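This report refers to the structure that appears directly beneath it.
Whatever order the structure lists ligands and atoms in, that order sets their numbers, starting from 1. Quick caveat: nothing in here was measured; it's all calculated off a predicted structure.
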Amino acid sequence: MRVQVLTIFPELFAPFLRTSLVGRAIEKGILEVGVHDLRDWTEDRHRSVDDEPYGGGGGMVMTAPPWLRAVRGLSGETSGENPEGRPWRILLSPQGARLDDAKVRELAGRGDLILLCGRYEGIDERVRATVVDEEVSIGDYVLSGGELPALVLIEALSRQIPGVVQLADSVEQDSFRNGLLDHPHYTRPPVVEGLAVPEVLLSGNHAAIRRWRDLEALRATREKRPDLLERPEVRARLTKEQARALDEMERT
Ligand code: 4HQ
């Protein structure tokens, strides 16, 4: 999978992309990330990317022409990996569909991507209208640019590429796969500030541990994110034992 990023702050990306899981995926060639300076597609002496908003008001707006040249230029360098025959183009924006596990999986299946990271008050609307396939938001708050959302998306995507996350880890991923929150985790020492590790985790009884984790995942979800348990697809994926336990909880 290849991800191309368009930004006026390309230097924000390098240390993150070298690190940890994403770094290893790139090293292995499973993931390719190209970070491009939007100013390379400007044509004036000052390499300007912004201008005053029509209609007045504060702030500056990113001007359309460099974006159109950049997105079309990068789309041409295309991959056979996409149904459309060109990369899927995503604008990071609070107006987008909220990024969640389902959206990450969907985008991981889109093949190559181009991520547009805006700054200032945003990008001229005609960029969205002409070269953007989809807007994606990482949450309902306002950031100063799309660079951190792009990194969030790249990290989440990298975890969905086969071969990136090791097998042990993918068991952990099952937790979101079934739509519930994760169960609690413990490691040494056995007692911290008088709080002991649950006995079952020391028992060596793997079936019992599996059941405990399933029930704790359910309990955590009901306590912290009850909205997730209202989704029919989540309820459908509960184990028999989880369904029984939830029934019990809902009657009390
Ligand atoms: N932005 N999720 C970029 C965001 C945002 C978000 C605000 C995007 C500023 C220029 N992007 N503009 N939340 O807050 O994706």
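- One finds a salt bridge joining Asp124 and Arg126 here, because a Lys/Arg side-chain nitrogen approaches an Asp/Glu carboxylate oxygen to under 4.0 Å.
- Looking at Pro94 against ligand 1, both its backbone and its side chain come within 4.0 Å, counting heavy atoms.
- Ligand-side atoms of ligand 1 in range of Tyr120: 10 (C), range being under 4.0 angstrom from any heavy atom.
- Here the heavy atom of the protein found nearest to atom 8 (C) of ligand 1 is Leu92 O, 3.6 Å.
- When only interatomic distances are considered, the shortest N/O to N/O separation between Gly145 and ligand 1 does not fall below 3.5 Å.
- Ring orientation note: the planes of Trp41 and His36 are nearly perpendicular, at an angle over 60° on the 30°/60° scale.
- Between Asp101 and the options Lys103, Arg98, Arg105, a salt bridge (charged side-chain N to carboxylate O under 4.0 Å, His left out) holds for only Arg105.
- If you check which protein heavy atom lies closest to atom 12 (N) of ligand 1, you get Gly118 O, 4.3 Å.
- Side-chain atoms of Thr42 do not come within 3.5 Å of backbone N or O of Asp44 as any donor-acceptor pair.
- Those atoms of ligand 1 that come under 4.0 Å of a heavy atom in Gly146, given as number and element, are 3 (C).
- Short contacts between ligand 1 and Arg119, defined as distances under 4.0 Å to a heavy atom of the residue, involve ligand atoms 10 (C).
- With a 4.0 Å heavy-atom cut-off, ligand 1 is reached by the backbone of Ser93 but not by any atom from C-beta on.
- Of the polar atoms of Gly122, none of the N or O atoms is found under 3.5 Å from an N or O of ligand 1, judged by distance alone.
- Residue Gly139 has at least one heavy-atom neighbour below 4.0 Å for each of these atoms of ligand 1: 13 (N).
- For Leu143, a nitrogen or oxygen atom sits less than 3.5 Å from a nitrogen or oxygen atom of ligand 1, counting backbone and side chain alike.
- Contact annotation for Glu121 and ligand 1: no heavy atom of the residue comes within less than 4.0 Å of the ligand.
- Side chain of Thr221 to main chain of Leu181: a donor-acceptor pair is present (N/O by atom type, distance under 3.5 Å, no hydrogens or angles).
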Quiz prompt | Pair Leu153-Ile90, side-chain contact (heavy atoms from CB on, under 4.5 Å): steps then yes or no | solution = CA-CA 10 Å; Leu153 177 55; Ile90 299 170; 4.3 Å; yes
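- Looking only at protein heavy atoms, the nearest one to atom 2 (N) of ligand 1 is Ile138 N, 3.0 Å.
- Here's the thing with Tyr141: one of its N/O atoms is less than 3.5 angstrom from an N/O atom of ligand 1.
- With respect to Asp182 and Arg213, no salt bridge is recorded, no charged nitrogen being found less than 4.0 Å from a carboxylate O.
- Those atoms of ligand 1 with a heavy atom of Val142 less than 4.0 angstrom away are 14 (O).
- The shortest distance between side-chain heavy atoms of Asp214 and Arg210 falls below 4.5 Å.
- Inter-residue side-chain proximity for Glu106 and Arg110 is flagged as met; some heavy-atom pair is nearer than 4.5 Å.
- Between Val3 and the choices Asp112, Leu17, Leu31, the side-chain contact (heavy atoms from CB on, under 4.5 Å) rule is met once, by Leu31.
- At a 4.0 Å heavy-atom cut-off, ligand 1 touches Val136 through the backbone alone.
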